[in-house]
Amino acid sequence: MERLHWVRHRCQTLFAGDSGRGWYSAADGLPNKYSLDAHCSPHRVSGKRRMVLAHNGPHQHEYEGVSKSYKGNAIRTTKYRFLTFIPMNLFQQFHRAANLYFLFLALLNWVPVVEAFQKEITMIPLVVVLTVIAIKDALEDYRRYLFDKKVNNNVAQVFCG
């Protein structure tokens, strides 16, 4: 029952013009055979057309011209790049309250009036925790990179008419 409510809502938003996404209109003069519900009107007229070009065959030149404007379909689930690892990792680590607390204590110990221990000793726990978490994040991100590489290099079969 919930699925029908979603279909009815989707039909209403599509026909109201609220969404830029949606169905493609049928070719000129052909009826639209893809109505989903009795409440949906099959008279959706839109200027959008969908063009699918094979990578090889007689339309190779057209494919190369059209495909330059689109991004590739490679999967990338890694969080970091080589140059952005340290700044992004530190930014994410200092969103944790415990790390902010230890940073506050280390900075407070640099004030001569409040200094309780040696300055370097109070920074050791923070540096150790940040280093261990950074190594763990780097290993996880490297595993994601290897998995993405494996998925992106899978062989796919393409059937052309």
Side-chain angles (χ1 to χ4, degrees), residues 1-24 34 36 46-57 59-160:
M1 190 68 180
E2 185 176 315
R3 180 179 282 172
L4 291 177
H5 289 296
W6 179 84
V7 169
R8 186 174 299 137
H9 171 72
R10 185 71 181 137
C11 288
Q12 289 172 352
T13 57
L14 285 172
F15 291 123
D18 294 340
S19 175
R21 305 178 317 181
W23 300 332
Y24 292 100
Y34 298 107
L36 297 175
S46 173
K48 288 188 176 183
R49 297 280 189 263
R50 183 170 183 212
M51 181 186 302
V52 178
L53 300 173
H55 182 61
N56 54 9
H59 301 290
Q60 177 70 26
H61 183 67
E62 290 179 54
Y63 170 78
E64 290 172 357
V66 171
S67 65
K68 289 180 183 175
S69 62
Y70 296 107
K71 286 192 169 206
N73 63 347
I75 294 173
R76 181 181 172 266
T77 59
T78 57
K79 285 193 230 178
Y80 309 108
R81 300 258 181 195
F82 185 72
L83 295 176
T84 63
F85 175 74
I86 292 176
M88 285 182 65
N89 188 270
L90 288 175
F91 179 74
Q92 289 180 354
Q93 286 193 42
F94 282 117
H95 272 81
R96 297 180 181 136
N99 291 345
L100 282 175
Y101 173 74
F102 283 112
L103 178 67
F104 174 72
L105 287 179
L107 292 177
L108 192 63
N109 205 29
W110 282 83
V111 176
V113 177
V114 188
E115 182 178 351
F117 302 106
Q118 291 181 354
K119 299 171 187 168
E120 295 80 17
I121 292 177
T122 57
M123 293 178 62
I124 290 175
L126 179 65
V127 170
V128 168
V129 168
L130 292 179
T131 305
V132 168
I133 293 174
I135 291 171
K136 178 190 70 85
D137 288 345
L139 288 175
E140 285 178 3
D141 209 49
Y142 182 69
R143 286 187 192 122
R144 281 192 207 115
Y145 167 75
L146 291 178
F147 183 73
D148 291 346
K149 189 175 175 182
K150 179 181 173 185
V151 168
N152 289 331
N153 289 329
N154 280 345
V155 177
Q157 291 181 336
V158 177
F159 296 101
C160 298

Is the number of heavy atoms from other residues, nucleotides or ligands within 6.0 Å of NZ (Lys136) greater than 12? yes
Non-neighbouring partners of Phe102 that pass ring pair (Phe, Tyr, Trp, His ring centres under 6.0 Å), sequence neighbours left out: none
About how many Å separate CZ of Phe104 and CG of Asn109, when rounded to the nearest 0.5 Å? 11.0 Å
Can you see which heavy atom on Ala138 is nearest to which on Phe85, and at what distance? CB-CZ, 3.8 Å
Under a 4.5 Å cut-off applied to non-hydrogen side-chain atoms, are Met88 and Arg81 in contact? no
Looking at Leu107, I'd like to know if its CG atom is crowded, meaning that more than 12 non-hydrogen atoms belonging to other residues, nucleotides or ligands lie closer than 6.0 Å. yes
Straight-line distance of Phe94 CZ to Leu130 CG, nearest 0.5 Å: 4.5 Å
Just verifying a value: how many Å separate Ile124 CD1 and Thr122 OG1, rounded to the nearest 0.5 Å? 8.5 Å
Polar contact flag, side-chain donor to acceptor under 3.5 angstrom, Thr77-Asp148: yes
Distance col, row Ile75:CD1 vs Arg144:CZ, nearest 0.5 angstrom, shows 14.0 Å
If I take atom NZ from residue Lys79 and atom CG from residue Asn89, how far apart are they, to the nearest 0.5 angstrom? 8.0 Å
Partner residues of Tyr142 under the side chain to side chain contact (heavy atoms under 4.5 Å, CB included) criterion, sequence neighbours left out: Tyr145, Leu146
Rounded to the nearest 0.5 Å, how far does CG of Leu100 lie from CD of Gln93? 11.0 Å
Side chain proximity check, Tyr80 to Asp137, heavy atoms < 4.5 angstrom: yes
Find out whether Asn99 and Leu103 are in side-chain contact, i.e. whether some heavy atom of one side chain is under 4.5 Å from a heavy atom of the other. no
